[in-house]
2 protein chains.
Amino acid sequence: MPPSRASKASPTPPPAAGSAREKLIAAAIATVRYKGFSATSVDEICQGAGVTKGAFFHHFASKEALAIAAAGAWTDIAEQRIFTLPDWNRIPDPLERLLGHIDFRLSMLDGPAEDYTCFVGTMVQESYNSSDPIRAACDASIRAYALRLAEDIQQAIDIYGIASGVSAVSLAYHIQAVLQGAFILAKANGHPVIARDSVMHLKRYVVMLFTQK
Amino acid sequence: MPPSRASKASPTPPPAAGSAREKLIAAAIATVRYKGFSATSVDEICQGAGVTKGAFFHHFASKEALAIAAAGAWTDIAEQRIFTLPDWNRIPDPLERLLGHIDFRLSMLDGPAEDYTCFVGTMVQESYNSSDPIRAACDASIRAYALRLAEDIQQAIDIYGIASGVSAVSLAYHIQAVLQGAFILAKANGHPVIARDSVMHLKRYVVMLFTQK
DNA sequence: TGACACATACCAACTGGTCGGTATGCTTTA
DNA sequence: TAAAGCATACCGACCAGTTGGTATGTGTCA
C-alpha cells in the first residue's frame, strides 16, 4: 500500500473508473465476499477485474499482498459508506446519531448476503492462522471502524451518562460483534430476518444502557 | 454408521478410539476450525485421521458429503459439551441456568481460537453461496442449538417475565449471533479479550431484559 | 460344519485439471 | 528512449476424485 500514490497529484487523470489495480481490489472484495478467500482464485479475480494475470502480478507481489491492500481499501470504503455519506451522520445529538447508526446498519440487512457482509470479517476467518499479515490488516480495519464509532458513543456518554462499567470502545466492539455474528446467521439462514432481529436486540440494549442505569 | 457394530460384542477389538469414518470427521472439524474449509484439502484431512484417500472416498462420496456429515456430528458434540456435561445444566432456576450458560460460554473463550470457535459458523461463511447442502446443514446445526437454548429461556420467561416484544427463540438466536461475532473479533485480534468483553455485554443485556421491564 | 457368494473396509497409485506464481515480450506514455 | 503498464505463454505443485486391488469379515445353504 504505497502512501505516495495517495498523496501525489497524479498526472494521469485518476484512471477513469479505476486503474487495473483498483479494479483488481474491487473484484477481490466482491468475489471474496461471495465465496470466501481461499475459494477465490487469482484467475477469477483477474476475470472479474477484466485484466490478465500479468497485470495482477505487476501490481501485487502475491495473492496475500492483494488481500492486505484490499483490507486497507475496505477500511476507506466502509468509512465512506457508513460514516461519511449517510445523512444520519449530521444528526446533532450524539445518542440519536448512535441509534441512527444502528438503524442504518439494520437497513443494510437486505438482499443477498454478499452485498452487506463484511469483507475483512469474512477473510480473517480463513487467514487468522495462515497469514499473520492478513490477520493484522483485517484487525486494523475492524479496529478503525470501532474507534470511529467509539467517538460518537463517548460523546453520548459525556452528555447522558451510561450504565456503570461500560466504556465507549468496549460498546463499539460489541456492536461490531453483533453485526459480524448477524452476518453469519444470515448466511446460514439464507435470509437476513434473523440477523435483523439480532440487531434490534442490540438497539434495545444500547437504549437500555443510556436510559436505565 | 452401522449401528450393529456398537450393539454386538465385536470379535475384532472395537476399532480402537474410533472408526476411520469417525476419525475423518474429527480431523475435518479440527482442520476446518484451524484454517477454513476451502483451504483444507482432502489429503490433509486423511493425514490428520491417519487413513488413506481410498478410505475417505469409501466413506464419503465427496468433500461436500464429509462437510455435511461433520456438521451433523458437530450438532451432537455441541449438545454434549454445552447442554449435557457441564454442571450448570443442573441449576434448578431457569434464569440462573441461562446466566450459567452465558458464563460457561464466556469461560470457553480462552487459549487458541480454533479450540473454542464454531465449526459450522466458520464453514457456512465459505459455503453459503457455493453449496446449498452444506449451508443447510450448518443452518440446521445452528437452529438446533438455538432451539435447545430457547427452552431454558422460555422457562425463565414463564417464571420471571421479560421486556415486552422479546421472544425466547429470538433471544436465543441473538446469543448465537454475539458468540459468532465474538469469535471473529477474537480471530482478528489474536486474543479473546475483546470477545469476552462482548459476551459480558450480552450477559448484562439478558439480566436487564429480565429485571427491567 | 464347511465352503461359496458377497459385502465392507481399506489401500497405493494414478488422472485430469486447477492452483499461485514466473518469464518474457509488446505497447503506451512521459 | 526508458520505464511503467500490461498481455501471452508457461511451470511445477497441488487439488478432488478414480482406479484396481487386498484383507477381512458375514450370511447362506448343502
Side-chain angles (χ1 to χ4, degrees), chain A residues 2 4-5 8-25 27-28 31-32 35-70 123 126-127 130-131 133-134, chain B residues 1-25 27-28 31-32 35-70 123 126-127 130-131 133-134:
Chain A
S4 59
R5 183 172 277 274
K8 76 166 167 133
S10 56
T12 43
S19 64
R21 187 192 151 93
E22 285 160 352
K23 284 191 284 186
L24 281 165
I25 287 177
T31 315
V32 169
K35 45 160 44 188
F37 179 68
S38 298
T40 298
S41 70
V42 172
D43 284 302
E44 210 166 353
I45 294 170
C46 293
Q47 202 176 328
V51 303
T52 61
K53 227 168 173 178
F56 183 103
F57 285 98
H58 173 73
H59 289 286
F60 304 102
S62 62
K63 193 189 174 190
E64 182 185 52
L66 166 70
I68 292 164
M123 194 163 62
E126 299 176 68
S127 313
S130 320
S131 164
I134 295 181
Chain B
M1 199 173 13
S4 61
R5 182 171 278 272
S7 58
K8 73 164 170 135
S10 56
T12 44
S19 63
R21 188 191 150 92
E22 285 160 354
K23 284 191 284 185
L24 281 165
I25 287 177
T31 314
V32 169
K35 45 160 44 190
F37 180 68
S38 299
T40 298
S41 70
V42 172
D43 284 300
E44 211 165 354
I45 295 170
C46 293
Q47 201 176 329
V51 302
T52 61
K53 225 167 176 179
F56 183 102
F57 285 100
H58 171 73
H59 289 286
F60 304 102
S62 62
K63 193 188 174 190
E64 181 185 52
L66 166 69
I68 293 163
M123 194 163 61
E126 300 176 67
S127 313
S130 320
S131 163
I134 295 181

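Order of the sequence lines sets the chain letters (A, B, ...), proteins ahead of strands, with each chain counted from 1. All values reported here derive from a predicted model rather than from experimental measurement.
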Over how many whole Å does the gap from [X] atom [atom1] to [N] atom [atom2] extend?
{"X": "A:Phe57", "N": "C:dG21", "atom1": "CZ", "atom2": "P", "result": "5 Å"}
{"X": "A:Lys53", "N": "C:dA23", "atom1": "NZ", "atom2": "P", "result": "14 Å"}
{"X": "A:Phe37", "N": "C:dG20", "atom1": "CZ", "atom2": "C1'", "result": "11 Å"}
{"X": "B:Phe56", "N": "C:dA12", "atom1": "CZ", "atom2": "P", "result": "17 Å"}
{"X": "A:Asp43", "N": "D:dC10", "atom1": "CG", "atom2": "P", "result": "16 Å"}
{"X": "B:Glu64", "N": "D:dC15", "atom1": "CD", "atom2": "P", "result": "19 Å"}
{"X": "B:Glu22", "N": "C:dA9", "atom1": "CD", "atom2": "P", "result": "11 Å"}
{"X": "B:Phe60", "N": "D:dT18", "atom1": "CZ", "atom2": "P", "result": "15 Å"}

Discussion item. Once you apply a heavy-atom cut-off of 4.0 Å, does A:Thr40 come out as touching a base, just sugar-phosphate, or nothing?
Written reply: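 Sugar-phosphate contact only - A:Thr40 comes under 4.0 Å of backbone atoms but never of a base.
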Item to complete: For B:Ser41, report the nucleic acid contact type (base, sugar-phosphate, nothing); a contact means any heavy atom under 4.0 Å.
Response: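 Sugar-phosphate contact only - B:Ser41 comes under 4.0 Å of backbone atoms but never of a base.
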Item to complete: Verify, without hydrogens or angle tests, whether B:Thr31 (side chain) and B:Ala27 (backbone) share a donor-acceptor contact under 3.5 angstrom.
Response: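 A pair under 3.5 Å: yes.
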Discussion item. Treating A:Ser127 as the side-chain partner and A:Ser130 as the backbone partner, does any N or O pair qualify as donor plus acceptor under 3.5 Å?
Written reply: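 Here the side-chain-to-backbone pair does not exist.
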Worksheet entry | Of A:Ala39 and A:Gly54, the one whose closest DNA chain C nucleotide lies more 5' |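 Checking each residue's closest nucleotide, the 5'-ward one belongs to A:Ala39.
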Worksheet item: Looking only at heavy atoms, what is the nearest atom pair of B:Cys46 and B:Phe56, with distance?
Response: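 Here B:Cys46 and B:Phe56 meet closest at SG-CB, 3.6 Å.
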Discussion item. To check you understand the geometry: which heavy-atom pair defines the closest contact between A:Leu66 and A:Ala28, and what is its length?
Written reply: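 Looking at all heavy atoms of both residues, the shortest contact is CD2-CB, 3.7 Å.
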Worksheet item: Considering only side-chain heavy atoms of A:His59, which listed nucleotide, C:dC10, C:dG21, D:dC6, is closest?
Response: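 Ranking C:dC10, C:dG21, D:dC6 by closest atom to the A:His59 side chain puts D:dC6 first.
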Discussion item. From the set C:dG21, D:dC6, D:dA16, return the single nucleotide nearest to any side-chain atom of A:Thr52.
Written reply: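 Among C:dG21, D:dC6, D:dA16, the one nearest the side chain of A:Thr52 is D:dC6.
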Worksheet entry | Steps toward side-chain contact (heavy atoms from CB on, under 4.5 Å) verdict (B:Phe37, A:Glu126) | CA-CA 8 Å; B:Phe37 180 68; A:Glu126 299 176 68; over 6 Å; no
Discussion item. Please confirm whether the shortest side-chain N or O distance from B:His58 to OP1 or OP2 of C:dC11 is below 4.0 Å.
Written reply: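 It does not, given that no N or O in the side chain of B:His58 lies less than 4.0 Å from OP1 or OP2 of C:dC11.
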